[in-house]
Protein chains: 2
Amino acid sequence: MFSKTCEYAIRAMIYVAQQSKLDRRVSVKEVAEGIASPEYFTAKILQNLSRNNLLSSAKGPGGGFFLDKQGLKAPLAEIVRIIDGDDIFTGCGLGLAQCSEIQPCPIHHEFKQIRKGIISMLEKTKVGAFTEENSVHTLFLKR
Amino acid sequence: MFSKTCEYAIRAMIYVAQQSKLDRRVSVKEVAEGIASPEYFTAKILQNLSRNNLLSSAKGPGGGFFLDKQGLKAPLAEIVRIIDGDDIFTGCGLGLAQCSEIQPCPIHHEFKQIRKGIISMLEKTKVGAFTEENSVHTLFLKR
DNA sequence: AAAATAAAGGACAATGTTGTCTTTTATTCA
DNA sequence: TGAATAAAAGACAACATTGTCCTTTATTTT
């Protein structure tokens with residue numbers, strides 16, 4: 001569904017969001033520990049997200065990554081778009097470039113519905129929607 | 001969604017199915033041309049599908065790949081399972097191994113519905129469901 | 001039996017994804 | 001100003017996916 005990079009990105013963003021709601025900035029190291037991901041790789045991902053303004057960052061002591069009010073409202077869709085591109089939003093299920101309503105591939109119509117569901121989920125699920133209390137019982141980010 | 005290999009596999013199977021309904025066996029070369037895929041790579045894929053009994057093959061002149069009555073009824077799901085494994089059928093949307101009903105990841109419940117849709121589509125769509133006449137107007141397999 | 005056909009199998013090359021390490025730049029604090 | 005902190009950036013290594021080519025095996029036809 002999503003690339004591994006994208007999975008890390010989503011988990012990392014949710015982790016940062018949780019901490020941001022507690023007014024904490026977090027270092028790459030902490031994020032990587034928090035979501036059980038490879039540290040240096042996670043750094044690259046966070047840098048990428050930051051470059052694309054999905055995330056704020058500050059250098060130096062007391063610095064780290066964080067999300068402001070606006071950032072917390074970003075839907076997962078934005079992360080996916082930046083990391084994986086929008087293949088999943090627009091692409092044909094069979095990878096056919098010319099597939100369209102006029103020249104649909106065999107699974108075009110069924111796939112359209114599924115894609116609609118995916119988009120809907122990714123658009124309505126916001127990065128900041130998961131609290132830490134929740135996380136104890138209903139979610140966790142480590143593998 | 002699916003790997004490139006899997007996309008080729010699905011398109012190839014549909015192509016072979018169409019020809020099988022016309023009582024034609026097809027060579028790798030013809031399949032590759034029919035679906036606009038790399039020939040040698042397509043050969044590997046067809047061999048794999050054949051090894052896994054999703055497809056029949058015959059060597060020598062007049063040989064090639066074909067599907068019998070049973071084969072035409074195979075759902076796309078079987079192809080996906082063999083080529084991509086069943087990650088898409090069972091895996092967590094965020095790639096978390098421990099994600100489950102009891103310890104759901106943030107998108108677990110929404111994702112469950114989507115997965116259900118994907119499975120349903122793949123199970124109910126049969127390899128032999130697409131006729132050549134259809135293909136002129138409503139489907140094509142080339143990119 | 002020999003030639004032709006076509007899949008099967010093995011080896012390998014190119015590319016993309018994932019993961020690691022080191023150096024540089026910016027910021028804070030003493 | 002100097003030391004410490006932390007992100008940014010660059011280089012590269014490991015691995016997986018995708019793609020190509022060559023040899024072998026099985027079958028048919030002449």
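Every chain is numbered from 1 and lettered A, B, ... according to where its sequence line falls, protein lines coming before strand lines.
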Can you list, in residue-number order, the parts of residues 42-52 of chain B that come under 4.0 Å of DNA chain C, counting heavy atoms only?
B:Lys44, B:Gln47, B:Ser50, B:Arg51

DNA chain D: 5'-most and 3'-most nucleotides touching chain B, 4.0 angstrom heavy-atom criterion:
D:dT18 to D:dT28

Looking at DNA chain D, which of residues 55-69 of chain B put a heavy atom within less than 4.0 Å of it?
B:Lys59, B:Gly60, B:Pro61

Applied to residues 79-97 of chain A, the side-chain hydrogen bond (donor to acceptor under 3.5 Å, both in side chains) test, sequence neighbours excluded, yields A:Ser3-A:Asp84, A:Arg81-A:Glu123

Results of ring pair (Phe, Tyr, Trp, His ring centres under 6.0 Å) for B:Phe41 - residues two or more places apart only:
B:Tyr8

For A:Glu110, give me all partners under salt bridge (charged side-chain N to carboxylate O under 4.0 Å, His left out), at least two apart in sequence or on another chain.
none

Under 4.0 Å, heavy atom to any atom of DNA chain C: which of residues 23-30 of chain A qualify?
none

Quick one: salt bridge (charged side-chain N to carboxylate O under 4.0 Å, His left out) partners of A:Lys44, sequence neighbours excluded?
none

Under the salt bridge (charged side-chain N to carboxylate O under 4.0 Å, His left out) rule, what pairs show up with a residue in residues 97-108 of chain B, not counting sequence neighbours?
B:Glu101-B:Lys112

Residue list, salt bridge (charged side-chain N to carboxylate O under 4.0 Å, His left out) with A:Glu33, at least two apart or on another chain
A:Lys29

Pairs flagged by salt bridge (charged side-chain N to carboxylate O under 4.0 Å, His left out) wherever residues 59-69 of chain A is involved - sequence neighbours left out
none

Contacts of type salt bridge (charged side-chain N to carboxylate O under 4.0 Å, His left out), residue A:Arg51, not counting sequence neighbours
none

